[in-house]
**Q** 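Take this structure first; my questions come after.
Residue numbers begin at 1 in each chain, while the letters A, B, ... track the order of the sequences. Both backbone and side-chain heavy atoms feed into the values below; hydrogens, waters and symmetry mates do not.
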4 protein chains.
Amino acid sequence: MARKRVGNKRERIISAAAKFFGERGYHNTTTAKIAEAAGVAAGTIYIYFRSKEELLVAVFEEFLGVHMDRLREGIAREPDPEAKMRRLISLGLELMEENPHSARIFLSQLRQSTEMIKMVTKRSSRAYKDIIEEVLEEGMRCGVCRKLNVRAAASMLFGAFQSTVLDWVADDSSYPLASQAEELTEFILIGLGCRSEEASRQQAV
Amino acid sequence: MARKRVGNKRERIISAAAKFFGERGYHNTTTAKIAEAAGVAAGTIYIYFRSKEELLVAVFEEFLGVHMDRLREGIAREPDPEAKMRRLISLGLELMEENPHSARIFLSQLRQSTEMIKMVTKRSSRAYKDIIEEVLEEGMRCGVCRKLNVRAAASMLFGAFQSTVLDWVADDSSYPLASQAEELTEFILIGLGCRSEEASRQQAV
Amino acid sequence: MARKRVGNKRERIISAAAKFFGERGYHNTTTAKIAEAAGVAAGTIYIYFRSKEELLVAVFEEFLGVHMDRLREGIAREPDPEAKMRRLISLGLELMEENPHSARIFLSQLRQSTEMIKMVTKRSSRAYKDIIEEVLEEGMRCGVCRKLNVRAAASMLFGAFQSTVLDWVADDSSYPLASQAEELTEFILIGLGCRSEEASRQQAV
Amino acid sequence: MARKRVGNKRERIISAAAKFFGERGYHNTTTAKIAEAAGVAAGTIYIYFRSKEELLVAVFEEFLGVHMDRLREGIAREPDPEAKMRRLISLGLELMEENPHSARIFLSQLRQSTEMIKMVTKRSSRAYKDIIEEVLEEGMRCGVCRKLNVRAAASMLFGAFQSTVLDWVADDSSYPLASQAEELTEFILIGLGCRSEEASRQQAV
DNA sequence: AATGAATGAGTCTTCATTCAT
DNA sequence: AATGAATGAAGACTCATTCAT
């Protein structure tokens, strides 16, 4: 019970921080506001986190950890690279949709300032791109996808993905993000040469 | 002459601001540092700009204005949508390369905080995407490019483009950004269905 | 047994506090650190002491009590004022040497701030000076020592004594404090007119 | 005029700081209070001093500089070591009397905490003791004063001096400090063997 | 008696902005 | 137009103290 309360508090702080960081950005969020929203005293934050910056990192890692686990799980079940890529996209969008505040931080708030933060950001994009690269390589090995620079391609795919999510966030999540999955998948699969434009056109029909 | 000096100072402030905002982010840059780097007194900034935030917007618009003009000029000379898209990509990368500090701000620093900034950001992405959408629509009309949701596609293309530039910025501009043009063009054109993967493969040979 | 444990804890807290107060000063020592060093929980300190300040006073009185008792005992055994003064000096230095942390607090840390502390400090210096004054008065009555303002003289003696100890503390107790006893005694006894400089020179031989 | 104002402000801050540091101690003085007493805004302190600690050091050095200069000047005019020692004592007390707040800091407040402060403290006591040592050495060379360990003796003299001043400060400067000069001089000169107790007794008559 | 998580008042310090010169 | 000293509001963080367990 006591244990639970503790966990509860940490979670509440992270959750409040995610909300504010996502909404107004790191620098426009005061620790006082986070504490208030989390229903704890100002000093309590510093029991769980060494600094505001560390809290940001925690928010981030919390999100990233779950995110990556679920993505890897999700694609593991898929039989072939194309299916994996489809799953990656749709699951990725789903995860973002579940947690729009963290999504926003993940996609943009971290591109700021300090070295600590930069490192974390890099690591996170890397995590995402790593998965993409794995799928791309498998696709190339199987001949399902055209020959391409895996590194660069992964970055582009990730960029297209990000942009789609950011549009949605910028629109205050006013439409289901999943509705973009088909278009995005199409664009990416064709771009990867997984399917000719004819095939895709037919399937669409 | 006096006029020129004035212009000179304004420019110097904008330039210094662009440098610092791009390097350390908006919130980690003090107006004092900008003034120092621009070789003006602290108060002088407030003769040219109402606030720090307005300076950020100015930095941004300066960059965006030139950027858009040159992009529009560049594609105007191209004969067909595919060539325009190619030009858009290569010229876009060139412009970013010319001005890495502003590029950084353009791509990431602005995704922060206040309403004022958000509006500017939105407008800027919009400006970029507008051009892309125009080209896409023309492409669809001509049948050069497959049928697609222009809005969504433009966003994805822009995302792929952004991601490529950000990778380059994150790598401290250690390689020529132009070297990424071919790969990016390939990915986008194929994704748009402008060319089959065979055609592209042949051309590469 | 339970009683003993309690006493044990109180002692451990006082001892830890003395160490830290002496080393880093009252204000640079947190109750948390004291608790940790004493091997008790943060709240436990407040079972034994009403406040941090009261703990300081306790540390101080603990030290002072033992100190004064032993000084009084020590000089009681001596036959004449000169011998008493000698004993006072050598025993005083010994006691300081035994307990350098408390010595440091006694000599300098207490010259700070609040009324409560000031009172305690005054009382402690007073206790020390009282003993000195008693010896001086006896010396004057016996004609062993020249006529002087007892109050002022006691203060000066105490100052010379303090300074000697502080030098030693400042040198990280790198030499035996007792080594200073002879020089200090000489200076004081001559200053008191207990002995001509010739007499003292002879005795030294 | 402008220059004067600036100097004025720095001085006012130092003066206010000296007052509070001396009265309540460094840690019990807030920068806000200093600013208020100095008639400046809170932030203004940080234009002149990098930190509160640096302000303390400045207060201290200001005092020490003038102090030492005047002491050296004062003894330079005296013909022989004994006269110099007398002058040192009376002038020292005078200087302390002129500036009781700084005196208090000089004598006790600095024996706290941080390395920065410790260094300054050491340096200051050293400055004082250096002068004393010089005079003592000259005295020994001339045969005016008995052979003794100069280092240790200087420390004791300084201690006796300090103690006299602190008593006065502790008594809220309720009597002229100069009234202690004779007693202190007597004690020290006799202690140094400059004069027999008979001689001193006669002179007193 | 003991714990240690939680509190929240208190502080130093920063920095955008102003304004007298 | 330009300066830069001065402002003072704001914010991260600390820590003595409390209290439910």
**Q** Provide, to the nearest angstrom, the distance between the CZ atom belonging to A/Phe20 and the P atom belonging to F/dA12.
**A** 12 Å
**Q** So, OP1 or OP2 of E/dA6: does either fall under 4.0 Å of a side-chain N or O from A/Tyr48?
**A** yes
**Q** For a quick check, with a 4.0 angstrom heavy-atom cut-off, what is the B/S/- contact string for nucleotides 13-21 of chain E, read 5' to 3'?
**A** BBSBBB---
**Q** Quickly work out the A/Asn28 CG to F/dA10 C1' distance and round it to whole Å.
**A** 13 Å
**Q** Whole angstrom is fine here: how far is it from CZ in C/Arg10 over to P in E/dA1?
**A** 13 Å
**Q** So do the side chains of B/Ile14 and B/Phe49 get within less than 4.5 Å of each other, counting heavy atoms only?
**A** yes
**Q** Any side-chain heavy-atom pair from B/Leu55 and B/Ile34 closer than 4.5 angstrom?
**A** yes
**Q** Can you give me every donor-acceptor pair (side chain of residues 37-46 of chain C, partner residue at least two apart or in another chain, under 3.5 Å) with its distance?
**A**
{"from": "C/Thr44", "atom 1": "OG1", "to": "C/Ala41", "atom 2": "O", "distance (Å)": "3.4"}

**Q** Taking all non-hydrogen atoms of both residues, which atom of B/Tyr48 and which atom of B/Lys9 are closest, and how far apart?
**A** OH-CB, 3.8 Å
**Q** Counting only N and O atoms by type, is there a donor-acceptor contact under 3.5 Å from the side chain of B/Glu54 to the main-chain atoms of B/Arg50?
**A** yes
**Q** To the nearest Å, how far apart are D/Asn8 CG and F/dA6 C1'?
**A** 14 Å
**Q** Taking only residues two or more places apart in sequence, or in another chain, which ones meet D/Glu36 in a side chain to side chain donor-acceptor pair (under 3.5 Å)?
**A** none
**Q** Judged by atom type as modelled, is there a donor-acceptor pair below 3.5 Å linking the side chain of C/Ser15 to the main-chain atoms of C/Glu11?
**A** no
**Q** Counting only heavy atoms and a strict 4.0 angstrom limit, can you tell me which residues of residues 33-41 of chain C come near DNA chain E?
**A** C/Val40, C/Ala41
**Q** Would you say D/Lys9 reaches F/dA6's phosphate, i.e. side-chain N/O to OP1/OP2 under 4.0 Å?
**A** yes
**Q** For the NZ atom of C/Lys33 and the OG1 atom of C/Thr31, what is their distance to the nearest 0.5 Å?
**A** 10.5 Å
**Q** Expressed as a whole number of angstroms, how long is the span from D/Phe49:CZ to E/dC12:P?
**A** 15 Å
**Q** So do D/His27 and C/Asn28 actually touch side chain to side chain, heavy atoms under 4.5 Å?
**A** yes
**Q** Starting at CD1 of A/Ile47 and ending at P of F/dA16, how long is that distance when rounded to a whole Å?
**A** 14 Å
**Q** Which dot-bracket notation, 5' to 3', represents the base pairing of DNA chain E when pairs are defined as Watson-Crick or G-U with both distances under 3.5 Å, crossing pairs as [ ], and inter-strand pairs as |?
**A** .||||||||||||||||||||
**Q** What pairs with C/Lys52 under salt bridge (Lys or Arg N to Asp or Glu O under 4.0 Å), at least two apart in sequence or on another chain?
**A** none
**Q** Below 4.5 Å, heavy atoms only, C-beta onward: do C/Thr30 and C/Phe20 meet side chain to side chain?
**A** no
**Q** Between P on F/dC13 and CD on A/Glu54, what's the gap in Å once rounded to a whole number?
**A** 10 Å
